[in-house]
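Chain letters run A, B, ... following the sequence lines, proteins first, then strands; residues in each count from 1.
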Amino acid sequence: MSEPVIDAAGVVKFLGHGAGRVQALRGVNLSLAGGELVLLMGPSGSGKTTLLSIMGCLMTPSEGTLRVCGRNITDLDPEALAGIRRDHIGFVFQSYHLFPTLTAEDNVRLALDVRGERSQRKAAREVLAMVGLGHKTRSFPSELSGGEQQRVAIARAIVGKPSAILADEPTGALDTENGKAIMTLLADIARDPSRGVLVVTHDPRILPFASRIVHIEDGRLVREELGAAKSVAKA
Amino acid sequence: MSLLRFRLAYRNLFHDRLRFIATIVGIVFSIVLVTVQAGLYVGFRRMVTTMIDHSPADLWIMPAGTKCFEDPSLLDDRQRFRALAIDGVVEATPLVIGYAQWRLPSGTTTPVFIVGSELQGFGLRPWNLIGGRVEDLSIPAAVAIDQSYFERLGINATGANAEIRDQRVEVAAVTKGIRSFTTTPYVFAGVDRARAYTGIPANKASYFLVRVSRDADAGKVRRQLRESLTDVEVLTAAEFRNRSRNFWLFGTGAGAALFAGALLGLIVGTVIVAQTLYASTKDHLSEFATLRAIGSSGTYIYMVIVWQALLSAIIGFCGAAAISWIVAAMTADSALAVVVTPAMTLALFVLTGAMCVASAVAAIVKVMRIDPAMVLAR
Ligand SMILES: Nc1ncnc2c1ncn2[C@@H]1O[C@H](COP(=O)(O)OP(=O)(O)O)[C@@H](O)[C@H]1O
Ligand SMILES: [Mg+2]
């Protein structure tokens with residue numbers, strides 16, 4: 001098996017201050033390899049979002065170490081962390097987080113623009129076509145359905161060719177059909193052996209797409225099982 | 001520069017029309033205020049020294065303690081002869097100034113300020129003539145006044161008559177744009193007529209205008225003048241200008257008032273822009289957090305905000321410049337001329353930009369504190 005894209009070891013995370021301080025993660029070991037789609041499942045408040053935030057370098061662990069593409073990023077400052085995200089990670093959020101004042105194409109281009117990349121238009125259109133929105137490049141988010149907006153968000157996440165795609169409840173706001181389409185897309189992305197996808201969910205309809213399912217409860221990983229989808233990395 | 005970043009900035013800016021308009025109105029208001037104050041200052045500065053600017057003198061001999069051009073103390077003619085005796089002094093001609101009452105045929109009077117000089121050779125003669133000639137002032141009773149004071153002086157054309165000190169006055173020449181800071185109309189005349197109008201004896205004068213020979217050392221001439229004349233001061237034109245300016249603009253508080261007004265305008269502008277930029281940034285906070293989450297550098301985000309500030313500055317400045325030019329054109333011939341020069345416009349543009357960027361500080365501080373993890377909060 002290839003070197004993991006993201007590797008969390010013994011991760012502990014405290015959140016909040018004073019009386020509101022909680023231990024959201026209590027020693028988590030989880031790695032994401034290229035070519036696999038890992039589902040992170042667990043009840044509300046179990047620490048899924050916190051773990052995803054740490055693996056996505058949006059926050060640093062209180063204890064333990066995190067490696068991204070072999071690099072220990074545990075002690076990096078916010079600016080350097082932004083650089084790691086820029087180079088290696090794509091995000092998909094439950095509430096899309098598209099820029100309402102920009103077209104679909106510009107929303108996707110933005111991910112390249114922050115990387116300082118030129119000739120973004122062509123790349124943005126190609127990726128939008130890939131997610132099935134080749135005909136809606138000039139639409140604004142308000143003119144798109146929820147499913148379409150999430151596809152734009154996925155296009156934005158993958159356009160920079162990151163090593164990992166992290167998605168927090170990507171189907172949470174979608175109906176069954178749209179949710180299925182989004183998961184199919186993410187599963188397709190995970191077919192690329194150089195890219196891993198981590199999806200946080202408590203939606204059982206997603207199970208068939210997973211190559212691995214990890215269960216979290218109360219800040220600890222409690223169970224792991226192989227999914228229905230064959231993992232390329234493990235095949 | 002990234003065009004997309006710029007696009008994001010202006011879309012953010014125009015997204016909330018009402019706030020955008022408020023921002024622009026704030027900038028326009030503030031910059032027009034600053035321009036008017038600065039323009040008045042430049043106008044006053046010019047007005048205060050206009051007589052000195054139009055005098056050919058290298059050196060001015062004046063009674064000790066003279067505060068400004070309009071200060072009416074007197075010199076004795078003997079000083080003039082002593083001056084002329086000094087090597088390097090080519091000319092030393094008398095200039096007579098003083099307040100007088102201008103009496104119309106109807107009997108009403110109004111104060112005027114007499115400026116009397118040699119009409120030929122070295123002297124301070126009226127300029128910008130739009131009626132009559134300087135030579136016309138040689139005929140008895142002839143004076144020159146400015147067109148803008150026609151109404152005040154009850155005059156409507158050359159040839160009109162009035163009286164000063166029971167002596168006849170005939171307007172033989174008319175100037176354009178020679179206005180006084182004190183608003184008292186200037187009346188130009190030959191030096192003898194001026195003495196008659198002000199009651200100054202024939203052997204007295206207010207100033208002696210000195211021309212220094214080309215090959216003489218002006219500094220040395222001045223030293224010698226100071227040594228051989230008593231109770232006088234000898235100033236270069238530049239020194240006299242400064243002294244007049246300091247007296248009128250700072251001694252009287254007029255300058256301080258203008259600066260205070262300009263400063264107030266700047267403060268108001270900065271506060272308004274800072275306030276709206278901050279509010280706009282707060283509205284778009286989740287977008288900035290998203291930018292941060294997808295890996296944008298701090299600089300990238302600050303530039304979006306700085307672009308918003310600069311765009312506001314450019315648009316606001318254009319509005320302010322247009323209004324300022326209109327104000328300048330409308331006041332050009334008035335007693336309170338707002339003078340807007342190209343250099344001043346350029347300086348104000350830089351100032352507007354600086355003001356808006358300074359206003360961005362609060363918004364940038366806000367964005368600096370952003371936690372990118374907030375995008376996952378929902
Ligand atoms: N900013 C915070 N301050 C304090 N506690 C927090 C904060 N964010 C989350 N928590 C708590 O940490 C735990 C894990 O939260 P989270 O990772 O969001 O769970 P999940 O995504 O599985 O619902 C929860 O108990 C939650 O209340
Ligand atoms: Mg969550």
Under 4.5 Å from any heavy atom of chain A, what part of B:I301 do you find: side chain, backbone, both or neither?
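Contact with chain A: none, neither part.
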
Crowded around [X] [atom1]? As in, over 12 foreign heavy atoms under 6.0 Å?
X      : atom1 : result
A:Q23  : CD    : yes
A:E143 : CD    : yes
B:F247 : CZ    : yes

B:P372 and A:L58: which non-hydrogen atoms are nearest, and at how many Å?
CB-CD2, 3.7 Å

Where is the tightest heavy-atom contact between B:S296 and A:A82, given as atom of each residue plus distance?
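So the minimum-distance heavy-atom pair works out to O-CB, 3.8 Å.
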
Taking the side chain as every heavy atom from C-beta outward, state whether [X] and [Y] have any pair of such atoms under 4.5 Å apart.
X      : Y      : answer
A:R156 : B:T290 : yes
B:Y300 : A:L110 : yes
A:R86  : B:S297 : yes
A:L102 : B:R11  : yes
A:F93  : B:L376 : yes
B:F14  : A:T101 : no

Expected output: side-chain [X] to main-chain [Y] donor-acceptor under 3.5 Å:
X     : Y      : answer
A:E79 : B:G298 : yes
A:R85 : B:A293 : yes
A:H97 : B:E287 : no
B:R5  : A:D113 : no

Spatial distance of atom CG (B:L8) from atom CZ (A:F99) [nearest 0.5 Å]
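The CZ atom of A:F99 is 6.0 Å from CG of B:L8, to the nearest 0.5 Å.
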
Of the listed residues (A:P100, A:C57, A:G56, A:A157), which shares the most heavy-atom pairs with chain B below a 4.5 Å separation?
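The candidate making the most pairs under 4.5 Å is A:P100.
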
Chain B heavy atoms under 4.5 Å from A:P78: which part of the residue, side chain, backbone, both or neither?
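Both backbone and side chain.
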
